[in-house]
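A quick write-up on the structure given underneath.
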Amino acid sequence: MNLLAESRKNDLNLWNNELHVLSDENNYSKELIFNVDNSSLRIPTSTRGVVAYPADERAGFKKTAERMQNATLVAGIAADGFSLPSVVLWKSANLPKELETQLTLSLDIWPNTNSWMDITAFKKYVLTVLLPDIIDRRKRILKESHRFLLLLDSHSSRADPTVWRQFKEAEIDVVTFVPHTTHISQRLDRGVFAVLKSELSNNYSSPSSTSSSSKRTAVADVLPQALHTAFIPSVIKKAFINSGVLSNGSGSVLMKLPQSSHYSIPSYPHCFDFFGKEITKEKLLDEWDEYNEKHKMKIEEIEEKEKEIEKEQLPLEK
């Protein structure tokens with residue numbers, strides 16, 4: 001078991017207990033308990049091969065296979081087995097023709113300046129897809145007066161309190177997971193994404209051509225069926241059970257962790273502490289706003305560095 005998670009056992013117990021208190025207060029129905037996360041869609045290449053030791057060890061060039069262009073899937077699932085429309089972030093100036101046929105009511109593909117989730121892409125997703133669909137679902141199942149619970153990790157792309165104020169106004173409670181424990185507590189990580197990546201790897205066939213167009217076509221050929229298999233209700237429900245959060249299995253899941261660990265938890269000195277908390281509380285949101293105002297220059301500096309790192313990744317497709 002991951003040492004970081006081991007050292008977080010006490011935090012997990014406290015977090016789980018507080019979540020149960022929140023759940024008892026608001027009586028969330030399964031239809032209104034959601035988890036949202038994102039995952040890389042880069043299909044790993046085969047690792048089979050041989051190791052060769054060069055006779056001449058002088059400096060030179062090493063020829064390696066080109067890495068597959070990354071793409072990021074953004075998804076949302078509910079405890080009753082329901083799934084929201086998924087979005088794929090594709091690093092491209094425009095939507096490639098090879099991917100146009102994949103656009104459906106359950107899948108959208110957004111050309112993006114980079115293929116990784118950032119604060120701009122996440123804000124677009126939650127305000128144009130997640131929030132409207134949550135409100136719509138509440139109406140369709142005739143539970144407009146019921147509160148909604150959203151669980152998500154505390155990735156830096158989530159660090160915009162203006163977004164969560166809108167969720168608060170819509171009576172949606174948002175709780176972040178304890179850092180370094182999402183492989184235990186996050187539903188999408190506890191089955192759905194594993195099934196998705198297994199389906200992609202098992203069914204993907206490397207094209208004979210190395211062109212970007214050929215690779216996109218190869219991915220597009222296997223993506224729909226992989227998504228269908230990963231997001232069937234039985235897989236989603238099992239993922240919720242495996243996470244142990246707000247289910248009868250919470251005790252057994254936490255019991256798998258040792259009582260203690262000497263591992264030192266990393267600190268996050270340059271960002272507001274919204275980790276493992278209910279981030280739609282008015283008090284926390286006010287403190288978050290004050291922090292951002294006080295550290296505005298430092299935050300902008302960090303964001304600029306992140307943009308520079310992203311520019312150094314794979315070039316934008318034409």
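Because only heavy atoms are used, hydrogens play no part in the values below, and waters and symmetry mates are left out as well, while side chains stay in. The chain is numbered in sequence order, starting from 1. In this text the structure is predicted, and so the values were computed from the model without any measurement.
Classification of the Trp288-Phe272 ring pair by plane angle, with boundaries at 30° and 60°, yields parallel. Taking the six-membered ring where tryptophan is involved, the planes of Phe122 and Tyr125 are tilted, since the angle between them lies from 30° to 60°.
More than 12 heavy-atom neighbours from other residues, nucleotides or ligands sit within 6.0 angstrom of NZ on Lys143.
Within the 3.5 Å criterion, the main-chain N or O of Phe177 finds no donor-acceptor partner in the side chain of Asp153. Not a single donor-acceptor pair under 3.5 Å links the side chain of Asn16 to the backbone N or O of Leu12. A donor-acceptor pair under 3.5 Å links the side-chain atoms of Thr176 to the main chain of Gly276, judged by distance alone. Put simply, the side chain of Thr280 gets close to the backbone of Val174: a donor and an acceptor are under 3.5 Å apart.
Pairs passing the salt bridge (Lys or Arg N to Asp or Glu O under 4.0 Å) check and including a residue from residues 76-87, sequence neighbours excluded, read Asp80-Arg137. For residues 227-239, no pair satisfies salt bridge (Lys or Arg N to Asp or Glu O under 4.0 Å), with sequence neighbours left out.
For Ser23, the side chain to side chain contact (heavy atoms under 4.5 Å, CB included) test picks out Tyr28, Leu246, with sequence neighbours left out. A search for salt bridge (Lys or Arg N to Asp or Glu O under 4.0 Å) contacts involving Asp136 returns Arg140, not counting sequence neighbours. Residues passing the side chain to side chain contact (heavy atoms under 4.5 Å, CB included) test with Pro85, sequence neighbours excluded: Asp133.
Counting heavy atoms from C-beta on, the side chains of Leu41 and Val219 never come closer than 4.5 Å. Put simply, the side chain of Arg158 reaches to within 4.5 Å of the side chain of Met117, judged on heavy atoms. Side-chain atoms of Leu95 and Trp90, non-hydrogen and from C-beta on, never get closer than 4.5 Å to each other.
Nearest heavy atoms, Val36 versus Gln186: O-OE1, 3.6 Å. Summarising the geometry of Ile119 relative to Ser156, their closest heavy-atom pair is CD1-O, 4.2 Å, with the distance given to 0.1 Å.
Between Lys283 and Glu287 a salt bridge is recorded (basic side-chain N to carboxylate O distance below 4.0 Å).
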With a 3.5 Å cut-off and sequence neighbours excluded, list the donor-acceptor pairs that the side chains of residues 221-236 form with protein atoms.
residue, atom, partner, partner atom, Å
Gln225, NE2, Thr229, OG1, 3.2
Thr229, OG1, Gln225, O, 3.0

_Applying side-chain contact (heavy atoms from CB on, under 4.5 Å) to Thr120 and Lys124, what does each step give before you reach the verdict?_
CA-CA 6 Å; Thr120 301; Lys124 177 183 177 182; 5.9 Å; no
